[in-house]
Amino acid sequence: MAGDSSRSNGLQGFIDTQMRLWWWKALCVACLAFATIGGMLLPVPRLNILNETIRNLYYHVPMWITMMMLYMAGFAYSIKYLRTGKLKDDIFAYQLTATGIAFSVFGMITGMEWAKYTWGEAWSNDPKQLGTALSMLIYFAYLVLRNGMKDEEKRAKISAVYNIFAFALLIPLIWILPRMVDSLHPGNGGNPAFKSYDRDFSMTIVLYPAFIGWILMGFWIASICIRTNMVRYKQENRYQYDIEKNNAHA
Amino acid sequence: MANNLLILVRKDMLMEWRQKHTLYGVGLYVASTVFAIYMMSGQPEAKQWNALFWLTQLFVAVNAVAKSFLQEHPNRFRYYFTLVKPTTFLIAKMIYSSSLMLVMSLISLLLYSILLGWPLEQGGLFVLISLVGSVSLSAVFTFLSAIAARAQQNSALMAILGFPLVTPVLMILSNLSLKAISPVYQPGWWVLAIVLVALDLLVIILGIVLFPFLWQE
């Protein structure tokens, strides 16, 4: 038990330190600057129908990857909260998930904008869109559930339980749904996606920095939210925070 | 544990039997829902019949299963807490709400056959699927009603939390029951059936793992 808690402190300590450092923020800015400018200017393959809209790949796909990363991190912190019962872990879980929700909205908007030009309409009941709409509803429900409760401990516990339940069900559901409706989305039903562009060096060179940059951006936003809320939490619960800190060092 | 489980299920059934008005209330809810659908759609064709049936099941599940946790007084949980393990309590509630839902789905099937017609080729298969469906719906909603009860909210919250989660389950169920409606060859029917059962097991396991945390104060 003692070994277990010190190990989790070690990882948490590492995360706490890294949150304050600048190197990954600089990397984020560099990657995003390159991906944004390069995404607009560098050559892309000429494909029918897609044409220049293929550039949306640089902005749309990173949103989903960032969202999934943030949801996963939030899920991990929800589990951690149930194990430790420290409100700090709840702040991490909530802020990471809330940032993930923001990215799901961005991903939906960029996807619908692209679909309007390529599929002819913004919403066409595509399974990817349906799965996304469902996951957005699930996480909006998380916000409703969470903000309906005033008591901090109770809010933390119940929202952690719902977050774990929803996330663990969401993954198989998103995997099942596309098998029940035909898809137009690239990567389904013979439509070209990543794999066919992988050989194209000019796209790879922009795509991977875009992934890294947007993921770091997501965690950067989340870390700022976490840190402001930690300050507020420390101010409001001076006494309890000291106890938790002392327990951690003991 | 098995003994406690039986006692808890029996207690819920007994309460249901003694307060007959809630039981009849749910029955009346089913009847008036089906009647309202009948007034609007008459006797629809098979595919619409199927969709309407599963929608009815969804609304009935929200109303019938909400009772499992929300009807208990919050203070009574503290009493149960001293008596039984949380897992036993959750499983007892799941058994109780699934059996309530089984009865209600049979009633709504009967009303559908009277009012909206019986466009089924394989009636037995459809009954079987609707029974499996009521177990899966009530498993999800039982856990969500536990969450709603702990958050001291009403059944509206349960619907908000539950609808997006059960939409894919409903889609699986309605696709499965298409086989009972028309004898068209459906590739992957068995895979879908196995996926549904696996999903039910996942819900039950998640419930068992997570419920002890909800239970503590």
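Just so it is clear, the structure is predicted and the values come from calculations on it, not from any experiment.
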Test salt bridge (charged side-chain N to carboxylate O under 4.0 Å, His left out) applied to A:Lys88 - qualifying residues, sequence neighbours left out: A:Asp16
Salt bridge (charged side-chain N to carboxylate O under 4.0 Å, His left out) involving A:Arg146 - partner list, sequence neighbours excluded: A:Asp90
Does [X], at its [atom1] atom, have more than 12 non-hydrogen atoms belonging to other residues, nucleotides or ligands within less than 6.0 Å?
| X | atom1 | answer |
| --- | --- | --- |
| A:Met69 | CE | no |
| B:Lys85 | NZ | no |
| A:Tyr233 | OH | yes |
| B:Asn75 | CG | yes |
| A:Lys116 | NZ | no |

Quick check: closest heavy atoms across [X] and [Y], and the distance to 0.1 Å?
| X | Y | result |
| --- | --- | --- |
| A:Leu82 | B:Phe213 | O-CE2, 3.4 Å |
| A:Ala168 | B:Leu202 | O-CD2, 3.8 Å |
| B:Pro168 | A:Leu134 | CG-CD1, 3.6 Å |

Per-residue contact mode, [X] against chain A (heavy atom under 4.5 angstrom):
| X | value |
| --- | --- |
| B:Val209 | neither |
| B:Leu161 | both |
| B:Ile160 | both |

pair B:Arg150-A:Lys157: side-chain heavy atoms closer than 4.5 Å: no
B:Phe211 vs A:Val161 side-chain heavy atoms within contact, under 4.5 Å: no
Spacing of CD belonging to B:Gln152 relative to CE belonging to A:Met149, to within rounding of 0.5 Å: 10.0 Å
Gap separating the OH atom of A:Tyr162 from the CG atom of B:Leu214, nearest 0.5 angstrom: 13.0 Å
Best-contacting candidate, A:Leu137, A:Asp151, A:Ile164, A:Ile138, against chain B by heavy atom pairs under 4.5 angstrom: A:Ile138
Within residues 130-147 of chain B, residues adjacent to chain A where the heavy-atom gap is under 4.5 Å: B:Phe143, B:Leu144, B:Ile147
Listed once per pair and sorted, the ring pair (Phe, Tyr, Trp, His ring centres under 6.0 Å) pairs that draw on residues 130-160 of chain A, sequence neighbours left out: A:Tyr71-A:Tyr139
